[in-house]
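As structure tokens, the structure follows; a few thoughts come after it.
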Amino acid sequence: MTRKKKLAQPKDTAGVVGSTLDIDSLLAMSANITTELVKKEISFFRGDQEFRAIVGVKSLSYDEVVNLVRGKDTSKMLMADVIKIRVQACVYNFDTNELIFPTLDSTGVAAPQIVDAMYVVADEVNDFVGKYLVEKLAKKNSGVNLSSTELGEEPLRKPNEE
């Protein structure tokens, strides 16, 4: 049986933590996430002067993230190569919706502080290594698992300490 492709609008879940979505809403949300640019401000320094710019960052789909390095020998790649690949793939001119760097080589000629600033916002949107998820989970769970010393209780003793 073939499943009909029906794009339902995601339910409004703003401000609700841990909302449950039906499968159609989940798929629609996923489609919207990977087709819209997220407006982000980058900032970087040149000498002692700070500069800012607005860019658009594409939320990459799972396949897009995987395909960034598909067929490449990742054992020979530097972290700088991975950063260039990620920036080139998902950082756009927010006004024109065009990639800022149309080729990987064009990414490499930009000033390092600009590429680094772009990578920071690309990582915020795509969470390439899971850092932002861990931070969100830590904030969500803060205060829930207080240790005995934080509760003012005497710590539990190991059986051989008695």
Side-chain angles (χ1 to χ4, degrees), residues 9-19 21 25-152:
Q9 289 298 318
K11 295 177 183 172
D12 183 14
T13 59
V16 178
V17 177
S19 299
L21 301 173
S25 296
L26 175 70
L27 295 174
M29 178 184 283
S30 179
N32 289 337
I33 287 172
T34 59
T35 57
E36 297 172 357
L37 293 180
V38 178
K39 186 176 186 177
K40 296 298 260 180
E41 181 180 71
I42 64 168
S43 66
F44 59 93
F45 284 88
R46 183 167 181 213
D48 60 353
Q49 189 172 4
E50 183 177 15
F51 295 90
R52 296 178 184 277
I54 299 296
V55 298
V57 178
K58 182 181 188 302
S59 291
L60 300 175
S61 70
Y62 184 81
D63 281 345
E64 288 172 317
V65 172
V66 170
N67 289 333
L68 291 176
V69 293
R70 186 178 304 275
K72 296 177 174 70
D73 184 356
T74 56
S75 67
K76 295 181 180 179
M77 293 177 77
L78 301 173
M79 188 61 193
D81 297 323
V82 175
I83 289 171
K84 279 176 47 178
I85 290 168
R86 290 173 176 173
V87 166
Q88 191 273 325
C90 66
V91 180
Y92 285 72
N93 177 324
F94 189 75
D95 297 325
T96 65
N97 288 348
E98 294 178 4
L99 282 168
I100 291 176
F101 303 112
T103 66
L104 194 55
D105 288 339
S106 64
T107 310
V109 297
Q113 59 269 43
I114 295 172
V115 175
D116 288 343
M118 290 178 175
Y119 182 74
V120 167
V121 296
D123 191 34
E124 286 174 4
V125 171
N126 288 290
D127 200 11
F128 293 116
V129 293
K131 173 179 137 184
Y132 295 99
L133 175 61
V134 170
E135 287 176 3
K136 287 176 189 173
L137 291 174
K139 284 180 185 175
K140 181 179 176 183
N141 292 329
S142 66
V144 173
N145 296 322
L146 296 175
S147 70
S148 60
T149 54
E150 291 172 315
L151 294 172

Rounded to the nearest 0.5 Å, what separates atom [atom1] in [X] from atom [atom2] in [Y]?
X    : Y    : atom1 : atom2 : answer
Y119 : T107 : OH    : OG1   : 13.5 Å
K39  : D95  : NZ    : CG    : 8.0 Å
L68  : T74  : CG    : OG1   : 12.5 Å
T96  : Y92  : OG1   : OH    : 10.5 Å
K84  : L78  : NZ    : CG    : 10.0 Å
M77  : K72  : CE    : NZ    : 6.5 Å

Do [X] and [Y] have side-chain heavy atoms sitting under 4.5 Å apart?
X    : Y   : result
I114 : F51 : no
L104 : I85 : yes
N126 : C90 : yes

**Message:** Test side chain to side chain contact (heavy atoms under 4.5 Å, CB included) on F101 and V87; report intermediate values, then the result.
**Reply:** CA-CA 8 Å; F101 303 112; V87 166; 3.9 Å; yes
**Request:** Name all residues meeting the side chain to side chain contact (heavy atoms under 4.5 Å, CB included) criterion together with I100; count only those two or more places apart in sequence or in a different chain, and write none if there are none.
**Result:** V55, V91, N93, M118
If you take all heavy atoms of [X] and [Y], which pair is closest and at what distance?
X   : Y    : value
R52 : E41  : NH1-OE1, 3.1 Å
F44 : A117 : CB-CB, 4.2 Å
S59 : V38  : OG-CG2, 4.2 Å
L99 : A89  : CD2-O, 3.8 Å

**Asked** Sub-3.5 Å donor-acceptor pair from the side chain of Q88 to the main-chain atoms of P102, do we have one?
**Response** yes
